[in-house]
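For reference, the structure is listed below as structure tokens.
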Amino acid sequence: MVAITLPDGSVREFDGSVTGQQLAESIGPGLAKAAVLVNVNGEEWDLTRPITTDTEVSIITRDAPEALELLRHDCAHVLAQAVQELFPGTQITFGPSTENGFYYDFHREEPFSTDDFDAIEKKMKEIVDRDDAIVREVWDRDDAVAYFKEQGESFKAEWVGELPEGEDLTIYRQGDNWLDLCRGPHLPSTGKLGKAFKLMKLAGAYWRGDASNPQLQRIYGTCWRTEKELKAYLTQLEEAEKRDHRKLGREMDLFHMQEEAMGSIFWHPKGWALYRSVEAYMRKRLDAAGYHEVKTPQLVDRKLWEASGHWDKFRESMFIAEVDEIDEREQDRKMLALKPMNCPCHVQIFKQGITSYRDLPYRMAEFGSCHRYEPHGALHGLMRVRGFTQDDAHIFCTEDQIVSETEIFCDLLKSVYKDFGFEEIMVKFSDRPEKRAGTDETWDKAEKALIEATEAAGLPYTLNPGEGAFYGPKLEFVLRDAIGRDWQCGTLQVDFVLPERLDAHFVAEDGDKHRPVMLHRAILGSFERFLGILIEQFAGKFPLWMSPTQVTVATITDAAQDYAVEVADLLKKAGLRVETDLRNEKINYKVREHSMKKVPLIFVVGGREAEERTVAIRRLGGKAQEILSLDEALKKVAEEAKMPS
RNA sequence: GCCGCGGUAGCUCAGGGGUAGAGCACGUCAUUGGUAAUGACGGGGCCGGCGGUUCAAUUCCGCCCCGCGGCACCA
């Protein structure tokens with residue numbers, strides 16, 4: 001007898017053993033049909049796997065969140081089977097589920113093409129129609145290695161061969177003779193998968209994620225419970241595409257890029273206005289938070305980079321300038337590098353006279369223009385560039401000040417993100433890596449301080465074990481945008497190493513020289529990337545305070561021209577970014593054009609307004625007009641356009 | 001850097017071994033209007049670059065460059 005306890009507390013008894021499927025059938029035919037998995041004592045099991053001991057079991061149906069992951073994983077297997085049926089000789093490797101679907105990595109001499117997708121999808125649907133049974137089998141490791149070798153599956157054989165000896169592993173048999181090593185669980189048969197899937201992309205991927213390994217061909221797909229969900233997802237992708245900052249950047253005339261300056265941005269007047277708003281806002285916040293803004297050199301001799309350790313570690317990704325002069329030490333041409341970071345330069349300023357413990361914590365900020373020679377394939381619009389500006393700052397403090405400084409920083413960061421409309425913030429905490437500098441005691445102290453401060457700031461965090469920088473633990477701040485995508489922007493890193501390497505010190509209360517700790521921190525990360533995120537966050541419809549053009553004054557007839565110019569001048573005097581549209585066009589045409597350019601406010605002026613000294617305000621996205629006297633309008637708009645503080 | 005796909009007018013894209021196409025944008029003229037497209041006419045192209053095949057290449061082939069999607073990288 002085996003006694004199964006269900007989530008409602010009821011107990012059902014069976015002779016000998018029972019499978020999840022049988023259990024579901026015993027409860028009702030509807031449940032039996034909807035069931036895809038069982039949760040046995042917290043573990044996900046196949047429906048067909050016999051349960052032999054008394055235990056707690058819940059049945060997972062197709063609409064549960066866990067089911068979606070299962071469907072996607074199964075879909076990856078069906079893809080693999082379809083590909084092998086269509087393209088014999090193709091080797092299978094791995095195929096997990098992903099956030100919106102799945103992928104499978106294949107090895108095949110000939111490249112796949114997206115033109116093959118139709119045929120593969122057709123074959124996949126055929127496999128679903130065949131409703132092949134999916135059977136879990138437990139194999140001996142060596143038998144599995146032998147099997148995959150015999151099948152010519154060298155990648156799979158390599159992987160299985162590295163599993164611990166003597167350990168049983170699970171093989172899933174899909175149909176009569178298609179096998180894959182897999183932890184499972186899986187659906188009982190391919191028919192349960194349904195057909196709400198679609199192959200999306202083709203890409204290269206390295207075997208085991210290592211660039212020195214052979215490259216595999218990865219096929220990406222998306223998979224959902226129903227056709228309706230699939231369609232909704234595809235629509236959402238189209239939405240995201242419409243917000244693409246590269247597309248909006250062109251349409252709204254914000255910036256462009258070109259070959260001659262790959263990875264660097266040409267900011268156009270509109271884009272630069274946007275940039276300047278964000279910069280002015282940040283400057284105001286940093287000033288208020290007690291930061292001292294500085295500006296340090298772009299080009300710095302290699303000597304400093306050697307001292308900081310960058311020359312050793314990052315020489316390949318630094319832009320080097322050689323000059324026609326001999327370096328006295330190297331007997332070689334003198335070399336300077338465009339700074340890839342600001343920290344070594346900030347230490348130089350620190351060393352020029354911040355000598356007392358009374359000066360600490362010292363918060364040194366710079367909108368630091370940096371250059372890194374990023375790999376060609378990594379470049380991506382504003383998001384990954386070679387020339388960028390960090391909202392960088394370094395806080396020089398004592399170890400005792402780490403907690404309070406972190407806490408103050410977290411509050412500032414939260415408040416800044418909120419002003420940009422990001423309310424959902426997550427933190428990743430990365431602790432000591434294998435290879436590190438500094439003593440264990442110092443690490444203990446730093447890690448404890450960081451955790452403590454994060455908790456005090458009320459931010460939820462996840463652990464990222466072993467992912468800290470070699471010089472100290474770090475926090476990474478991730479924000480979620482309007483359409484649910486996550487972006488890592490802010491960071492705070494504790495550094496014991498650089499002050500040492502560059503010999504920074506202060507005089508403490510005891511009269512002795514001490515090393516300061518450096519906290520590297522950024523809120524936006526880089527202006528370029530953050531602006532890219534903002535463009536997508538707002539889909540180009542920026543809040544009034546940062547909008548490139550805040551008001552367009554548009555005339556209805558030529559008779560209102562003088563008045564329109566007067567209105568625009570007054571708006572400019574009130575500190576607004578204003579344009580006029582005096583063209584000989586119909587007001588419909590003008591309204592449409594400025595609306596499409598995403599100008600937040602259109603002031604429409606015709607004969608009536610000129611006569612009465614009023615303006616008709618039309619807000620972006622709205623249909624109503626608001627008629628105000630010129631004085632009222634100026635006051636109101638100037639107030640609305642104030643940046644948050 | 002690696003894999004796959006692309007590159008035709010300012011933008012979006014069609015075409016295809018023999019004078020290069022559309023829509024939008026742009027310009028000129030007419031129209032002076034009341035809140036998301038007034039009409040007519042017009043100018044625009046080394047069909048990414050270099051080589052090859054061919055009587056003839058934007059079209060076919062090779063190499064390179066750039067873009068896009070991933071992978072790897074991201075102090």
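Here is how names work: the chains are called A, B, and so on, in the same order as the sequence lines, proteins then strands, and each is numbered from 1.
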Check your understanding: Contact class for F314(A) (heavy atom, under 4.0 Å): base, sugar-phosphate, or nothing?
Key -> base
Check your understanding: Looking for any heavy atom pair under 4.0 Å, which part of the strands does H380(A) touch: base, sugar-phosphate only, or nothing?
Key -> sugar-phosphate
Practice item. Give the nucleotide from the list A75(B), U35(B), C71(B) with an atom nearest to the side chain of P340(A). Key: A75(B)
Point to revise | Working for side chain to side chain donor-acceptor pair (under 3.5 Å), residues N342(A) and Q390(A) | key: CA-CA 9 Å; N342(A) 309 298; Q390(A) 295 178 317; 3.1 Å; yes
Check your understanding: Which one, G1(B), U35(B), C74(B), comes nearest to the side chain of R372(A)?
Key -> C74(B)
Check your understanding: So does Y220(A) get a side-chain nitrogen or oxygen closer than 4.0 Å to the phosphate oxygens (OP1/OP2) of C71(B)?
Key -> yes
Indicate every side-chain donor-acceptor pair of residues 376-385 of chain A with a distance under 3.5 Å to a residue at least two apart or in another chain.
residue : atom : partner : partner atom : Å
R384(A) : NH2  : E374(A) : OE1          : 2.8

Point to revise | Sugar-phosphate only, base, or nothing, as touched by R246(A) at under 4.0 Å among non-hydrogen atoms | key: sugar-phosphate
**Study point:** Nucleic acid contacts - residues 485-503 of chain A versus RNA chain B, non-hydrogen atoms under 4.0 Å
**Key:** Q493(A)
Practice item. Check every strand shown and say whether L202(A) touches a base, only sugar-phosphate, or nothing at a heavy-atom separation below 4.0 Å. Key: base
Study note, to complete from the structure: Taking A75(B), C73(B), G4(B) as options, the one with an atom nearest any side-chain atom of H310(A) is A75(B)
Point to revise | Length of the OH-P vector between Y563(A) and G34(B), whole Å | key: 19 Å
Check your understanding: CZ of R218(A) versus C1' of G4(B): gap in Å, rounded?
Key -> 13 Å
Check your understanding: Is there a donor and acceptor pair closer than 3.5 Å between the side chain of Y206(A) and the base of G1(B)?
Key -> yes
Practice item. Assign U19(B) to syn or anti; the rule is syn for a glycosidic angle within 90° of 0 and anti otherwise. Key: syn
Point to revise | Residue-phosphate contact under 4.0 Å: R384(A) side-chain N/O, A72(B) OP1/OP2 | key: no
**Study point:** Dot-bracket pairing map - RNA chain B, Watson-Crick plus G-U, both contacts under 3.5 Å, | cross-strand
**Key:** (((((((..((((....[..)))).(((((.......))))).....(((((..]....))))))))))))....
Review point. Do any side-chain nitrogens or oxygens of R618(A) fall under 4.0 Å of OP1 or OP2 in A36(B)?
Key: yes
Check your understanding: Distance between the C1' atoms of C65(B) and A56(B), in whole angstroms?
Key -> 27 Å
Review point. Looking across every strand, which nucleic acid part, if any, lies under 4.0 Å from Y471(A) by heavy atom: base, sugar-phosphate, or nothing?
Key: sugar-phosphate
Exercise for review: Using side chain to side chain contact (heavy atoms under 4.5 Å, CB included) as the criterion, list what pairs up with S526(A), not counting sequence neighbours.
Suggested key: F388(A), E528(A), R529(A)
Review point. Which is true for A203(A) with a 4.0 Å heavy-atom rule: it touches a base, it touches only sugar-phosphate, or it touches nothing?
Key: base
Show each protein N/O and nucleotides 62-66 of chain B N/O combination with a separation under 3.5 Å, one pair to a line.
residue : atom : partner : partner atom : Å
C65(B)  : O2'  : E259(A) : OE1          : 3.2

Review point. With a 4.0 Å cut-off on heavy atoms, is S317(A) in touch with a base, just the backbone sugar-phosphate, or nothing at all?
Key: base
Check your understanding: Does N588(A) have a side-chain nitrogen or oxygen under 4.0 Å from the phosphate oxygens OP1 or OP2 of A36(B)?
Key -> yes
Review point. Can you find a side-chain donor-acceptor pair between Y563(A) and E611(A) that sits under 3.5 Å?
Key: no
Practice item. Go through residues 550-560 of chain A and report each residue with a non-hydrogen atom lying under 4.0 Å from RNA chain B, sorted by number. Key: I556(A), T557(A), D558(A)
Practice item. Determine the contact category for P375(A): base if any of its heavy atoms lies under 4.0 Å from a base atom, sugar-phosphate if only primed atoms, P, OP1 or OP2 are that close, otherwise nothing. Key: base
Point to revise | Among C11(B), A72(B), U35(B), the nucleotide that comes nearest once only the side chain of R250(A) is considered | key: C11(B)
Exercise for review: Indicate, with a heavy-atom threshold strictly under 4.0 Å, whether S595(A) touches base, sugar-phosphate, or nothing.
Suggested key: base
Exercise for review: Give one of base, sugar-phosphate or nothing for G607(A), where a contact means two heavy atoms less than 4.0 Å apart.
Suggested key: base
Study note, to complete from the structure: Smallest heavy-atom separation, E476(A) atom then N464(A) atom, equals OE1-ND2, 4.1 Å
Study note, to complete from the structure: Only one of R72(A), H73(A), K198(A) passes side-chain contact (heavy atoms from CB on, under 4.5 Å) with C223(A), and that residue is R72(A)
Review point. When the distance from CD of E528(A) to C1' of C74(B) is rounded to whole Å, what number comes out?
Key: 15 Å
Practice item. Compare every heavy atom of I533(A) with every heavy atom of L479(A), then report the nearest pair and how far apart it is. Key: CD1-CG2, 4.5 Å
Check your understanding: Taking only N and O in the side chain of K586(A), is any of them less than 4.0 Å away from OP1 or OP2 of U38(B)?
Key -> no
Exercise for review: Could you tell me whether E609(A) contacts a base, only the sugar-phosphate backbone, or nothing, with contacts defined as non-hydrogen atoms closer than 4.0 Å?
Suggested key: base
Review point. When the C1' atoms of A57(B) and C71(B) are considered, how many whole Å apart are they?
Key: 36 Å
